[in-house]
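For reference, the structure discussed in these notes is given below.
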Amino acid sequence: MDRAFGVEIELTGITRTHAIRVLRMVGCDIREEDYNHVTRSWWKIVPDNSVRDGFEVVSPILQGQRGLADITTVVTALDDAGGRVDRRCGLHVHLDCANVGLAEMRSVIRRYAGYENDIDAFMPPSRRGNDNRYCRSLRPFIETEGFAQAQSI
């Protein structure tokens with residue numbers, strides 16, 4: 001199944017105007033907007049308060065290999081244009097989980113928590129465990145009584 005997904009790419013190093021120009025040159029339908037949470041059928045550039053001198057590039061709903069190719073095109077163009085990431089930046093992936101049931105979601109959380117140390121090993125130190133207010137460990141969550149009770153629902 002090709003699950004739908006979207007990404008948010010936080011970066012710095014170039015202006016929004018320059019990013020729009022280079023992304024349009026590689027065929028990306030991109031528009032500048034004020035910060036919002038509205039899903040569009042085009043890519044958008046919005047301000048991001050967590051990256052004071054940067055911004056965020058937000059994808060439309062993507063799917064399958066074509067979506068992955070679109071992300072590769074966008075990230076490569078931004079990198080070639082001088083876009084950079086630092087410890088304030090992140091790449092967020094949103095997955096369509098409309099058809100994922102509670103048992104499956106619990107399984108995903110347990111599996112992620114089980115591999116969290118391995119995932120943390122390739123993340124920068126500022127994104128590991130509970131060292132970043134935007135990125136928290138799932139291990140304490142699955143160890144709580146509430147999660148254990150939820151498993152029996």
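Below, each value reflects all heavy atoms present in this structure, side chains not excepted, and no hydrogens, waters or symmetry copies.
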Do I20 and I71 land in one hydrophobic cluster if side-chain heavy atoms of ILVMFWY residues count as linked below 4.5 Å?
yes

Any side-chain heavy atom of T12 sitting closer than 4.5 Å to one from F55?
no

Any luck finding a side-chain donor-acceptor pair between E8 and H94 under 3.5 Å?
yes

D34 CG to N36 CG distance, which is reported to the nearest 0.5 Å
7.5 Å

Could you tell me which non-hydrogen atom of R40 sits nearest to which non-hydrogen atom of P60, and how far apart they are?
O-CB, 3.2 Å

Membership question, hydrophobic clusters at under 4.5 Å side-chain separation (ILVMFWY): are I142 and Y112 in the same one?
yes

Rounded to the nearest 0.5 Å, what separation is found between the CZ atom of R31 and the CZ atom of R24?
8.0 Å

CH2 of W42 to CD1 of I30: how many Å apart, nearest 0.5 Å?
12.0 Å

Mind checking whether R139 and N117 have side chains closer than 4.5 Å, heavy atoms only?
yes

Please tell me whether I61 and V7 are part of a single hydrophobic cluster in this structure, the criterion being side-chain heavy atoms less than 4.5 Å apart.
no

Return the set of residues passing side chain to side chain contact (heavy atoms under 4.5 Å, CB included) with V100 (not counting sequence neighbours), or none when no residue passes.
R3, C97, E104, M105

Indicate the atoms forming the closest heavy-atom contact of A19 with I45, along with that distance.
CB-CD1, 3.7 Å

Would W43 and L78 show up in the same hydrophobic cluster when neighbours are defined by side-chain heavy atoms closer than 4.5 Å?
yes

In terms of heavy-atom contacts, does CG of D118 have more than 12 from other residues, nucleotides or ligands at under 6.0 Å?
yes

Note, D80 side chain near V22 side chain (heavy atom, < 4.5 Å)
no

Let me confirm one number: the CZ-CG distance from F5 to L95, rounded to the nearest 0.5 Å.
8.5 Å

Please check if Y35 and I9 belong to a single hydrophobic cluster, counting links between Ile, Leu, Val, Met, Phe, Trp and Tyr side chain heavy atoms closer than 4.5 Å.
no

Nearest heavy-atom contact between G6 and S59 is CA-OG, 3.3 Å

E116 side chain near S137 side chain, heavy-atom distance below 4.5 Å
yes

Rounding to 0.5 Å, atoms CG (D70) and CD (Q63) come to a distance of 12.0 Å

Interatomic spacing from CG in L62 to CG in D2 - rounded to 0.5 Å:
11.5 Å

CG of L91: more than 12 outside heavy atoms within 6.0 angstrom?
yes

Going by atom types alone, do R111 and S107 pair a side-chain donor with an acceptor below 3.5 Å?
yes

If you draw a 6.0 Å radius around CG in N49, do more than 12 non-hydrogen atoms from other residues or ligands fall strictly inside?
no

Provide the closest heavy-atom pair for A77 versus L23 in the form atom of the first, atom of the second, distance.
CB-CD2, 3.8 Å

Decide, yes or no, whether a salt bridge links R88 with D53 under the criterion of side-chain N to carboxylate O below 4.0 Å.
yes

Assess whether salt bridge (Lys or Arg N to Asp or Glu O under 4.0 Å) is satisfied between E32 and K44, documenting all intermediate values.
CA-CA 6 Å; E32 186 169 17; K44 63 184 178 180; over 6 Å; no

Is V74 close to V57 at the side-chain level, that is, under 4.5 Å between some pair of heavy atoms?
yes

